[in-house]
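Structure record follows, encoded as structure tokens.
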Amino acid sequence: SDLAAMTAAAMAASSMAFQQTDPAYSATLLDHARRLYDFAYNNRGIYSDSITNARDFYVSSGFNDDLSFGAAWLYRATSEQQFLDRALEFYNQGTDWAYSWDAVNAGTQILLYITTQDGQYAGHVEQFIQSYMPGGQVTYTL
């Protein structure tokens, strides 16, 4: 689910980038994004269980954030309520330890704020950023 949902997110975002200059390609990207997302939604699991060579290097910790992120991008690209509903189905308002290939919750929070203008999502992003500020919950060394 995680790999397919993230690829669907990339294709949905790309479809927006090509919408004006190459509408046919944009439509193809969006069609593939929808299909990949449906596959991810209906076949849940982490990619490193299927691509076992990846376990030693990039084991995935979960797929909920990826399903939410993919749906958020599809909602942004289509404005279809079903994708907002799915983004919220897997949404986590908590604060991740980082924004990375394996933790995309903050990206979903930003997208949901941009598309809905609901201040709760801005608040969640703010909490994420503040966690990196002095006195925040993310500790690091200089």
Side-chain angles (χ1 to χ4, degrees), residues 1-133 135-141:
S1 294
D2 49 0
L3 183 58
M6 290 300 286
T7 304
M11 289 183 152
S14 297
S15 76
M16 294 171 61
F18 285 99
Q19 204 165 30
Q20 298 298 316
T21 59
D22 194 342
Y25 183 55
S26 172
T28 298
L29 286 166
L30 194 54
D31 178 56
H32 289 301
R34 289 174 189 273
R35 291 179 193 209
L36 272 171
Y37 188 83
D38 285 344
F39 175 82
Y41 186 83
N42 293 316
N43 298 280
R44 297 184 195 165
I46 57 175
Y47 86 98
S48 50
D49 284 346
S50 299
I51 306 171
T52 55
N53 295 7
R55 283 187 196 155
D56 293 336
F57 306 100
Y58 295 106
V59 67
S60 181
S61 65
F63 56 82
N64 285 347
D65 61 329
D66 304 300
L67 285 170
S68 187
F69 189 68
W73 270 111
L74 278 159
Y75 179 65
R76 180 137 192 231
T78 67
S79 299
E80 293 176 13
Q81 184 66 38
Q82 67 174 328
F83 294 119
L84 178 57
D85 293 344
R86 286 192 175 171
L88 297 177
E89 179 181 345
F90 298 100
Y91 183 73
N92 178 357
Q93 67 184 18
T95 303
D96 280 340
W97 67 275
Y99 184 78
S100 72
W101 68 271
D102 193 39
V104 295
N105 195 42
T108 303
Q109 294 167 343
I110 291 169
L111 279 171
L112 289 176
Y113 175 69
I114 290 169
T115 55
T116 68
Q117 294 297 297
D118 186 329
Q120 72 171 315
Y121 305 117
H124 300 157
V125 173
E126 208 171 294
Q127 289 172 2
F128 174 75
I129 292 169
Q130 288 176 351
S131 73
Y132 278 87
M133 303 301 286
Q137 63 195 34
V138 175
T139 57
Y140 55 91
T141 59

Face-on cation placement of R35 at Y37 ring, 6.0 Å and 45° thresholds: no
Smallest separation among heavy atoms of [X] and [Y], with atom names:
{"X": "N105", "Y": "G94", "value": "ND2-O, 3.0 Å"}
{"X": "A40", "Y": "A5", "value": "CB-N, 3.7 Å"}
{"X": "A33", "Y": "A12", "value": "CB-N, 3.7 Å"}
{"X": "L36", "Y": "M11", "value": "CD1-SD, 3.8 Å"}
{"X": "T95", "Y": "S131", "value": "CG2-OG, 3.8 Å"}
{"X": "A87", "Y": "A71", "value": "N-CB, 3.4 Å"}

Qualifying residues under ring-ring contact (aromatic ring centres under 6.0 Å, His included), relative to F39, sequence neighbours excluded: none
Residues that Y99 engages under ring-ring contact (aromatic ring centres under 6.0 Å, His included), provided they are two or more places apart: none
Taking the side chain as everything from C-beta on, heavy atoms only, tell me whether [X] gets closer than 4.5 Å to [Y].
{"X": "V125", "Y": "Y121", "result": "no"}
{"X": "R34", "Y": "L74", "result": "yes"}
{"X": "M16", "Y": "W73", "result": "yes"}
{"X": "L112", "Y": "L88", "result": "yes"}
{"X": "N92", "Y": "N64", "result": "no"}

Using only atom types and a distance under 3.5 Å, with no angle test, would you say the side chain of [X] pairs donor to acceptor with the backbone of [Y]?
{"X": "S48", "Y": "S60", "result": "yes"}
{"X": "S26", "Y": "D22", "result": "no"}
{"X": "D65", "Y": "V104", "result": "yes"}
{"X": "Q130", "Y": "G135", "result": "no"}
{"X": "S1", "Y": "G45", "result": "yes"}

Heavy-atom neighbours of Q20 CD exceed 12 at 6.0 Å: no
Find the distance between [atom1] ([X]) and [atom2] ([Y]) and round it off to the nearest 0.5 Å.
{"X": "Q109", "Y": "I114", "atom1": "CD", "atom2": "CD1", "result": "12.0 Å"}
{"X": "T7", "Y": "H32", "atom1": "OG1", "atom2": "NE2", "result": "12.5 Å"}
{"X": "L3", "Y": "I46", "atom1": "CG", "atom2": "CD1", "result": "11.5 Å"}
{"X": "Q82", "Y": "E89", "atom1": "CD", "atom2": "CD", "result": "11.5 Å"}
{"X": "D118", "Y": "H124", "atom1": "CG", "atom2": "NE2", "result": "8.5 Å"}
{"X": "L111", "Y": "L84", "atom1": "CG", "atom2": "CG", "result": "11.5 Å"}

salt_bridge(R44, D66) N-O dist < 4.0 Å: no
Test of ring centre spacing under 6.0 Å for Y58 and Y47: no
